[in-house]
Amino acid sequence: MFVQGCFWHARPEHLHAPKHNAEWWWRKLDDNARRDKETDARLVRLGWLPLRVWEHEAVEHAVRKVVELLAYQGHQRAQRIRRADGRGAEGALDFRGQRGGGRSRS
């Protein structure tokens, strides 16, 4: 799980354009975003399922992402938590587009 800063990882909705030394900063931010994608691809090839949350996300939403990912991977405790919260499969976040089996520590 990665907790990303909106500026450092170039989140378009929250990124404030650098004014001083802008060319250097844009190159730096583009490199960070590219490296994030490469890191995700590398982790997926190794059988992990990377999860990223953003600094502005509420803790409850980040926790829900973790529970949903674990439930998607078949983690029984996470599936029980999801059912207890009344979300069942209908309220689940969609991880079908993700590749790799991931690894869970239970």
Peer 1: Heavy atoms only: give me the nearest Leu29-Phe7 pair and the separation to one decimal.
Peer 2: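 Scanning both residues, the minimum pair turns out to be CD2-O, 3.1 Å.
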Peer 1: Nearest 0.5 Å, what's the CG-CZ distance between Leu43 and Phe2?
Peer 2: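 One gets 5.0 Å once the value is rounded to the nearest 0.5 Å.
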Peer 1: Looking only at heavy atoms, which two atoms of Cys6 and His56 are closest? And how far apart?
Peer 2: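 Closest heavy-atom pair between Cys6 and His56: SG-ND1, 3.2 Å.
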Peer 1: Which pair of non-hydrogen atoms, one from Trp54 and one from Arg11, has the smallest distance, and what is that distance?
Peer 2: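 Looks like NE1-NH1, 2.5 Å.
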Peer 1: So Lys28 and Asp31, do their side chains get closer than 4.5 Å, heavy atoms only?
Peer 2: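 Heavy-atom side-chain distance check fails, nothing below 4.5 Å.
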Peer 1: Applying salt bridge (charged side-chain N to carboxylate O under 4.0 Å, His left out) as the test, list every pair that has at least one member in residues 39-50; sequence neighbours left out.
Peer 2: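 Matches after skipping sequence neighbours: Asp40-Arg52.
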Peer 1: Is there a side-chain contact between Pro50 and Val44, using heavy atoms and a 4.5 Å cut-off?
Peer 2: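 SC-SC contact between Pro50 and Val44 confirmed.
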Peer 1: So, for Gln79 and Gly74, which heavy atoms are closest and what is the spacing to 0.1 Å?
Peer 2: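 In terms of heavy atoms, the two residues are closest at NE2-CA, 3.4 Å.
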Peer 1: Taking all atoms of both residues into account, what is the closest heavy-atom pair of His9 and Ala33, and its distance?
Peer 2: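 Minimum heavy-atom contact is O-CB, 4.4 Å.
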Peer 1: Before you tell me yes or no, could you show the steps for Lys65 and Met1 under side chain to side chain contact (heavy atoms under 4.5 Å, CB included), namely the whole-Å CA-CA distance, both residues' side-chain angles and the distance that decides it to 0.1 Å?
Peer 2: CA-CA 10 Å; Lys65 281 184 171 182; Met1 178 177 189; over 6 Å; no
Peer 1: To the nearest 0.5 Å, what is the distance between CG (Leu51) and CD (Glu68)?
Peer 2: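 Answer for the CG-CD pair, Leu51 versus Glu68, is 11.0 Å.
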Peer 1: Could you give the distance from CD (Gln4) to CG (Asp36), rounded to the nearest 0.5 Å?
Peer 2: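 So the CD of Gln4 and the CG of Asp36 are separated by 4.5 Å.
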Peer 1: Using 0.5 Å steps for rounding, measure from the CZ atom of Arg77 to the NE2 atom of His75.
Peer 2: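 It is 7.0 Å, given to the nearest 0.5 Å.
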Peer 1: Mind checking the CZ-CD spacing from Arg64 to Glu60? Nearest 0.5 Å is all I need.
Peer 2: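 Going from CZ on Arg64 over to CD on Glu60, the span is 12.0 Å.
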Peer 1: Under the rule for side chain to side chain donor-acceptor pair (under 3.5 Å), what residues qualify as partners of Glu38, not counting sequence neighbours?
Peer 2: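 If we apply the side chain to side chain donor-acceptor pair (under 3.5 Å) test to Glu38, skipping adjacent residues, the hits are Arg34.
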Peer 1: What's the shortest heavy-atom distance between Ala71 and Ala78, and which atoms?
Peer 2: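 Shortest heavy-atom contact: N-CB, 3.5 Å.
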